[in-house]
A.B. asks: 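The structure's right below; bear with me while I get my questions together.
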Number of protein chains: 2
Amino acid sequence: MEQTKITINDVAKAAGVSKGTVDRVLHDRGEVSRKSREKVLRVIEELGYKPNVYASILASQKKHTIVCVIPEYSPGDFWSLTAKGIDESRETAFRYGITVNMVTYDQYDAESFRNACSEVLESNPSGVIIAPMFRMDTLKFVKELSAKNIPYIYIDSKLEDEDYFAYFGMPMYQSGYLCADILTGGRDVRKVYIVRIERDKMGYSDPTVARRTGFLDYMMNHYPDTETVNVFINPKDPKDVAAKLDEAFAEPCDGLRYIVMFNSRIHLVVDYLRNRDIGGCRVVGFDVLEKNVAALRSGHVQALIAQHSDRQAASAVTAMVDRLVLGSPVVRKDNYTQMDILNCYNCDYYM
Amino acid sequence: MEQTKITINDVAKAAGVSKGTVDRVLHDRGEVSRKSREKVLRVIEELGYKPNVYASILASQKKHTIVCVIPEYSPGDFWSLTAKGIDESRETAFRYGITVNMVTYDQYDAESFRNACSEVLESNPSGVIIAPMFRMDTLKFVKELSAKNIPYIYIDSKLEDEDYFAYFGMPMYQSGYLCADILTGGRDVRKVYIVRIERDKMGYSDPTVARRTGFLDYMMNHYPDTETVNVFINPKDPKDVAAKLDEAFAEPCDGLRYIVMFNSRIHLVVDYLRNRDIGGCRVVGFDVLEKNVAALRSGHVQALIAQHSDRQAASAVTAMVDRLVLGSPVVRKDNYTQMDILNCYNCDYYM
DNA sequence: GTAATTTCCGTGTCCGTTCACGGAAAAATT
DNA sequence: AATTTTTCCGTGAACGGACACGGAAATTAC
């Protein structure tokens with residue numbers, strides 16, 4: 001790997017043209033005869049010329065902006081992790097003279113998502129990163145992006161269109177399958193409580209549907225006779241949570257009670273269990289929210305399946321920066337991040 | 001966050017000096033009166049001047065070299081992962097005009113380590129990354145590095161000196177504790193086979209000793225009556241492995257046989273089990289070698305505890321690059337990487 | 001065949017630093 | 001006070017590439 005620095009001047013000299021011409025060829029800015037174009041291309045190939053990224057950044061004072069469209073968040077909740085990752089990558093991006101902005105929307109309100117989208121479109125960004133929740137509106141949005149030739153990356157979950165530049169997220173179906181294995185762990189399981197959000201019942205697009213399918217498939221394969229009970233709660237109303245769980249747990253249970261939730265809100269169940277002082281449960285949930293980890297430590301939750309949402313977001317920003325600055329193609333289009341199994345013994349080292 | 005670019009010239013003007021002086025202050029090159037030095041410093045503070053890294057890299061044609069000292073490796077073994085991480089970070093480093101070299105040594109031969117060290121010292125690198133195996137020799141080595149003012153980073157395991165610039169590795173004791181929890185999993189465990197390398201018996205420094213301690217502590221706390229059997233094998237001789245394991249497994253066992261290994265070589269046990277067609281074992285090991293993951297898939301191993309050694313190495317290189325180029329201090333000195341629990345359901349997404 | 005276009009290309013400045021060089025001012029020496 | 005030495009500082013040329021500008025050569029028009 002001989003890394004002698006070939007400059008644009010070396011290429012120009014070797015090709016018998018000026019650096020201006022070489023530059024035009026490099027950036028496809030036209031105004032170059034076919035002959036010299038080919039000559040330059042050949043010389044570049046022969047000499048193995050690689051542009052110096054830093055000189056390039058220095059010279060071109062382009063102002064790129066990346067916009068991230070994600071759900072609103074509060075400290076400690078799921079999306080705050082994604083926001084954290086974005087914040088962290090901001091500095092890296094800034095080194096390349098790239099600004100990273102964030103536009104948030106209410107994940108329960110499609111209208112607010114549409115507003116966010118048009119705001120983004122108006123700002124005319126160089127690249128967009130999307131955490132999609134509303135299928136139809138998102139598809140419309142990305143179509144407009146494509147039309148304007150703006151690359152976009154999905155994070156967390158992705159849609160079925162094919163124009164996206166990259167995707168970073170967890171394999172949802174598999175995570176459900178894994179979850180079932182961890183919850184049951186070879187025990188004799190008769191009944192499983194699946195706690196869900198009420199809106200799942202409506203037509204809303206539920207990002208965890210694939211996860212639930214994976215879970216149920218595992219149960220079908222390994223525990224065909226086990227009963228699954230869906231408990232629908234309103235996450236914003238602790239009283240409702242308590243009422244619904246009281247109802248579900250009304251009939252007594254010999255042995256362990258198996259409880260699972262497919263979004264990040266298992267801490268709601270924990271709050272309930274703690275209030276009622278209910279023990280003898282095996283509880284598994286997702287995502288490393290503060291509260292969830294606390295429940296892991298206190299023993300109310302036996303395992304969490306986690307992903308580095310912050311790292312996902314950071315990777316997305318980095319990928320976009322690379323694409324913008326170096327014009328590099330994606331390494332991989334779909335990047336499935338690993339599924340981490342957390343228990344009370346390894347959660348303290350999960351950062 | 002107003003990110004207007006303040007240049008060195010702005011600072012110079014505001015401080016009533018020339019950019020040359022500002023530069024001297026920035027790099028502590030002396031030849032600046034105390035008065036103007038303070039003035040410049042104050043102005044830098046006030047204006048919030050941040051040097052443009054890329055202009056800086058462009059202008060300073062320094063040739064930095066980072067050397068990584070790690071054990072020899074063959075495709076598929078533990079250290080090849082570390083080597084992979086180093087290779088991957090090489091490109092990033094090169095963007096900053098930094099060369100990354102690798103010097104390997106025989107992890108069973110202190111003499112070869114010493115040779116590697118003197119080779120490194122002669123090459124006069126800008127920074128060194130060490131995966132230590134021989135305590136005394138390493139301490140001597142890093143003392144010489146310190147004397148020459150060369151920063152060094154430990155990876156994988158670290159020593160008790162305090163001059164190291166950073167450390168990237170797994171919390172070894174905790175990983176042993178976790179391992180015991182996964183191996184036993186609340187079952188009724190009477191006896192555990194701990195398979196070890198013969199050299200552990202000698203005075204060699206065993207990097208997994210803390211891990212074993214963690215394991216045994218867990219057992220003491222949760223399974224005080226469980227017997228642990230040490231089986232010493234020669235990893236290079238399959239026949240010896242078979243003989244020793246035959247001997248250990250001679251007496252019959254009702255229920256599961258619990259087997260564990262604290263280094264990356266659990267696949268040796270798997271080979272044995274497969275040859276002898278022995279089932280009914282619960283096997284837990286460490287590290288995601290090809291062979292280990294295959295054993296996970298085939299069901300011969302129930303769980304692996306893994307770390308991203310490649311990422312560790314890459315992080316180490318990045319940290320060194322940052323230190324060399326940006327002169328940035330470490331974010332954290334000790335970086336404990338997470339412990340990943342792998343089973344057959346999530347290992348395919350572990351990269 | 002001359003003028004008007006079009007195509008193509010070289011020159012030169014700038015981006016924000018680094019650093020060698022040389023010289024002015026201050027301090028020390030005679 | 002003149003000279004030498006030391007201290008301090010400004011200047012300007014790189015570094016590698018981007019791009020505006022203007023002009024030569026090749027085409028086309030008349």
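Residue numbers start from 1 in every chain, and the chains themselves are labelled A, B, ... in the order their sequence lines are given, proteins ahead of strands.
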A.B. asks: Quick one: do A:Tyr154 and A:Tyr167 satisfy ring-ring contact (aromatic ring centres under 6.0 Å, His included)? Show the steps, please.
C.D. replies: CA-CA 5 Å; A:Tyr154 286 128; A:Tyr167 164 69; 7.3 Å; no
A.B. asks: Using whole Å, report how far CG of A:Asn52 lies from P of D:dA14.
C.D. replies: 18 Å
A.B. asks: Just to be sure I understand the rule, does A:Val22 reach a base, reach only the sugar-phosphate, or reach nothing, if contact means heavy atoms closer than 4.0 Å?
C.D. replies: nothing
A.B. asks: Hey, is the side chain of A:His27 poking within less than 4.0 Å of OP1 or OP2 on D:dA18, counting only N and O atoms?
C.D. replies: yes
A.B. asks: Would you say B:Leu26 and B:Tyr49 make side-chain contact, with heavy atoms under 4.5 Å?
C.D. replies: yes
A.B. asks: For B:Lys35, look at atom NZ and say whether over 12 heavy atoms of other residues, nucleotides or ligands are found less than 6.0 Å away.
C.D. replies: no
A.B. asks: Starting at atom NZ of A:Lys13, determine the distance to atom P of C:dT11, rounded to an integer number of angstrom.
C.D. replies: 12 Å
A.B. asks: Atom CD1 of A:Ile57 and atom C1' of D:dG17: how far apart are they, to the nearest Å?
C.D. replies: 11 Å
A.B. asks: Spell out yes or no: do the side chain of A:Lys35 and the base of C:dT7 have one donor N/O and one acceptor N/O closer than 3.5 Å?
C.D. replies: no
A.B. asks: Looking only at side-chain N and O atoms, does A:Ser18 come under 4.0 Å of OP1 or OP2 in C:dG10?
C.D. replies: yes
A.B. asks: D:dA18, D:dG10, C:dT17: which one has an atom nearest the side-chain heavy atoms of B:Arg24?
C.D. replies: D:dG10
A.B. asks: Hey, does the side chain of A:Ser56 come within less than 4.0 Å of D:dG16's phosphate (OP1/OP2), counting only N and O?
C.D. replies: no
A.B. asks: Salt bridge between A:Arg37 and A:Asp28, side-chain N to carboxylate O under 4.0 Å?
C.D. replies: yes
A.B. asks: Does B:Leu58 or B:Glu31 map to a spot on DNA chain C nearer the 5' end, using the closest nucleotide for each?
C.D. replies: B:Leu58
A.B. asks: Can you check the B:Tyr54 OH to D:dA18 P distance for me, whole Å?
C.D. replies: 16 Å
A.B. asks: When you check the phosphate oxygens OP1 and OP2 of C:dC9, does a side-chain N or O of A:Ser33 lie under 4.0 Å from one of them?
C.D. replies: yes
A.B. asks: Within the pair A:Thr21 and C:dG10, is there a side-chain N or O less than 4.0 Å away from OP1 or OP2?
C.D. replies: yes
A.B. asks: Measure the distance from NZ on A:Lys63 to C1' on D:dA18 and round it to the nearest whole Å.
C.D. replies: 15 Å
A.B. asks: B:Ile70 and side-chain contact (heavy atoms from CB on, under 4.5 Å): which partner among B:Asp156, B:Thr104, B:Ile129?
C.D. replies: B:Thr104
A.B. asks: Tell me whether the OP1 or OP2 atom of C:dC9 has a side-chain N or O from A:Ser36 closer than 4.0 Å.
C.D. replies: yes
A.B. asks: Compare the minimum distances between each of D:dG17, C:dG10, C:dC8 and the side chain of A:Val17, then state the nucleotide with the smallest one.
C.D. replies: C:dG10
A.B. asks: Would you mind reading off the distance between B:Ile8 atom CD1 and D:dT11 atom C1', rounded to a whole angstrom?
C.D. replies: 14 Å
A.B. asks: Answer yes when B:Glu162 and B:Lys333 have at least one side-chain N-carboxylate O distance shorter than 4.0 Å, and no when they do not.
C.D. replies: yes
A.B. asks: Find the distance B:Arg34:CZ to D:dC9:C1' and express it as a whole number of Å.
C.D. replies: 18 Å
A.B. asks: Any donor-acceptor pair under 3.5 Å joining the side chain of B:Lys19 to the base of C:dT18?
C.D. replies: yes
A.B. asks: Checking all strands, does A:Asp23 fall into the base, sugar-phosphate, or nothing category for heavy-atom contacts under 4.0 angstrom?
C.D. replies: base
A.B. asks: Write down the distance between CD (A:Glu38) and P (C:dC9), rounded to a whole number of angstrom.
C.D. replies: 12 Å
